[in-house]
Novice: 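My questions all concern the structure below.
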Amino acid sequence: MSVVGTHGEAEIERPPTGTAAAPETPLRRLMADYFESRLATAAFVLLVTIIALALLAPLIVPQNPYNLAEVDVLDSRLPPGTKGMAGYTYWLGTDGAGRDLVSAMLYGLRISLAVGVVSCLIATVIGAAVGLIAAYVGGRTESLLMRLVDLQLSFPAILIALILIAILGKGVDKIIIALVTVQWAYYARTVRGTALAEMSKDYVEAARCLGLSHARILFRQILPNVLPPLIVVATVQAAHAIALEATLSFLGVGLPRTEPSLGLLISNGFEYMLSGKYWISFFPGVVLLATIMAINLVGDQLRDVLNPRLKR
Amino acid sequence: MTAAVEAEVVNRAPTLEVVDLKTHFFTKAGVVRAVDGVSLRVAPGEVLGLVGESGCGKSVTGYSILGLIDPSGRIVSGRIAFAGRDLVRLPEDELRALRGSRIAMIFQDPMMTLNPVLRVDTQMVEAILAHRRMPHGEAWALARDALAQVGIPSPERRLKSYPHELSGGMRQRVAIATAFINKPDLVIADEPTTALDVTIQAQILHEAQELCRRTGTAMIWISHDLAVVSSLADRIAVMYAGVIVEEGRASDVIGAPLHPYTRGLLGSVPSANARGTRLAQIPGMTPSLINLAPGCRFRARCPRADAECTSEPAISEPLAHRQVRCWRPHLEGAMP
Amino acid sequence: MTAYILRRLMQTAVLVAVMSVIVFFGIHIVGDPIWLLVNPQMDQKDIEAAVRALGLDRPIWEQYFHFVSGALRGDLGRSFIFGEPALTVILQRMPATLELAFTALVMAIAAGIPLGLYAGLKPDSWVSKTIMAGSIVGFSLPTFWVGLMLIMVFAVMLGWLPSTGRGATATYLGITSSLFTLDGLRHILLPAFNLALLKFSLVIRLTRAGAREALQQDYIKFARAKGLSPRRIVGVHLLKNILIPVATVVGLEFGNLVAFSVVTETIFAWPGMGKLLINAIQSLDRPVIVAHLIIIVLLFVLINFLVDVLYTVLDPRVRIGAKAA
């Protein structure tokens, strides 16, 4: 944007700056830029809290909801705040089987996060590999790969996931396969685009002239520059993956009952809603919403901060 | 113009008078003093050439007159007298009533200034109907006549086309026709021929000149190109780093420039030099408009600068009808 | 123009062919194809008889050809559950889904474009900041959970709207829809709103981005220099330019809405294609699954085609092409 504010006028000269302060590593600069926004900082704190709760779940909850010995079916469908038979308060009530909702939620959160993160990581690796190869090799390989990517991206994720599950059947591994299939194309497209831009830069040409091996150029030179947009896409996709898994579980075609994620908890509560016992579906939903929103907000800020075109 | 006509022109009230205009932009990096004390006047029917290099503030001056400055800037002080009113203090809706009807503007790149998804007639007719009530058909006929006046063949067909169907020169003619269509008192043209082929440039210049003469419209022609301005303008004002450094009759300014900067500009025009000699250059770069050094703004690049130039020169009138902002203007060779 | 349409039709045909290969071989490579055509509950001897009768012991290319020729005739197998041709079963329920998706789209546009426009024109006002913050929330909301909450608030607690099902339908101009009856409108309001929320944020963000970009263009400055009223500048100059990208993206999103209606239909017991698919997956009614997929593919292809045509109509630069004067 021209500072003088009219088209055709040149940029103004910047006055010479003073000597630099203590050397700033890129990471420190990144963190400083990121935490400039209060909203993003709050989102980051929320996300860390959620992850911590999920990791520490077995240590902090009053009961293990999958251990039938600890669950009393007579305690089922109690509203939030009731004291239970075992002596501790059900802060958020109990579900249809008598499980303490807080415990069930945190355990469910663990599973949701785990499935989401694992599928995201696998998809990142696959997608990035495809994107890098496509960009580096070029030619017909690239055309073919990118056609595949475009084809996949033009169909809605939920449909692809449903069809895959219909073909493969149910199970944790099948869900992860479905989630990975739905996501990899985004990574491939982003990575290819960035890699192409990087490859046209001089340092790659220089590396080639020096006779560095292809692998070396790809991994040591191009990949680090591809990481920033990749990270941004990964956060967005992680949120999508978690949401998609929850949706599939809710629909009954997701994770099996033995490993209930938040989606399944919500769907369990569906039948009780019409009789006014809202908490069984409500609270897990809030946790799900908080998780997805925190990831989205963090991803949003990361995108603004990592965008090279918005240099401050 | 003859001396008698000129005296006539000078004595009549000017169409536009800008007094000590300052337009500043407020950015993160600092305050950009794009226009920092500009005064000029344009007489009825006169063509004033506003010349300067990129970044000197000439376009911003034009936008300031119409109140079209980008939101990060504003007019800080000064007066713009037009039709008995001060445009700086005018509320927006009154300003809008003037734009396009009493003061019009022509921009540099006609491809971008015409909306690509609307037809030519839509864009011309709306300019008319924004200021006058009349049936649509009548406005359409006016548009057609305006196009014919600027030398566009088969105007009915052109009116029904979209901007991308016309050539660059034709689009600029449309822009000119639109500017003149409500018979304004003043037209501000911001580098209208810069984006066109040289051959078309000459035609456009000629047509603009004709229109002005015929309608008695005053014009401010903003350009970085001295050659273009010299053939067209009655008076020339040279701008540098946000202020006017020289002003006078076109023939005087071109023939016997007073300010060292104007001299430098003229000296750097290829045709002014004998073949085979090196092009004279003005050394150095335009100063930053945020951190202006005190004193004359041209001091760092001026071959004639001395200790006196550390204080900002005021405008002086060493010769009749010629103004300059310099402690040591080139008075030799200039005729009184 | 005709050449363009012909080219598009050819591309479409190729795409459908490719999809049919993927679908067919997908089912065959991963699952046991016999289950596609035969009820898994049947007796072993009957299964073997069926295999021979259906030619499943033939080479795969022959089977594919058989499948395609059947498909071209409109025979995509028989539903195990309903006992009727899968195609019929799906087509019966398609109008309900299309109606839902269409209503949701209209809602998202009607609310999204004005809000996005406002946010783009006045980006620093607190209203705009609220809108943008709200759009992130909307973007993150899990659709199914919101659906549940909507039912809880509006149907259970407040009792204003019905919680499930499709309302009564009426027919005007040959179209049968529940949108034409008051009862139908009451029933469609919640599910359509739920579905619309999905695209609502997208429309807002798109419109806002489009508005901000358009405002920087010179033709807006020129329009101001002509002295046009702000209403005309926004309503005519700005809007017409924004509409092109927004319309194309939104048009393509219609397909997504149809796909995602699976969730909404399940929650609100809406008798559409989506609910049918979920039931089919859960009850392993594979002919219905395959038929559903093929129809969705065709629908997507059709939508893509229509959006391309729409784009051509909206943007005069594409329609007329650059010609030297």
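Just so we're on the same page: letters track the sequence lines, and every chain starts at 1. Quick note: numbers below take in every heavy atom, side chains included, and nothing from hydrogens, waters or symmetry partners.
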Novice: Picking from B:Ala127, B:Ser101, B:Ala97, which has the most non-hydrogen pairs under 4.5 angstrom with chain C?
Specialist: B:Ala127

Novice: Using a strict cut-off of less than 4.0 Å between a Lys/Arg side-chain nitrogen and an Asp/Glu carboxylate oxygen, indicate whether B:Arg158 and B:Glu165 qualify as a salt bridge.
Specialist: no

Novice: Please find the pair of heavy atoms, one from C:Glu253 and one from C:Lys199, that lie closest to each other, and give the distance.
Specialist: OE1-NZ, 2.6 Å

Novice: Can you tell me which portion of B:Leu118 sits under 4.5 Å from chain C's heavy atoms? Options are side chain, backbone, both or neither.
Specialist: side chain

Novice: Do B:Asn115 and C:His237 have side-chain atoms, one donor and one acceptor, less than 3.5 Å apart?
Specialist: yes

Novice: With only heavy atoms counted, which part of C:Ile244 is less than 4.5 Å from chain B, the side chain, the backbone, both or neither?
Specialist: side chain

Novice: Report which part of B:Ser161 has an atom under 4.5 Å of a heavy atom belonging to chain C: side chain, backbone, both, or neither.
Specialist: neither

Novice: Is it true that a side-chain atom of C:Thr207 and a backbone atom of C:Ile113 form a donor plus acceptor pair closer than 3.5 Å?
Specialist: no

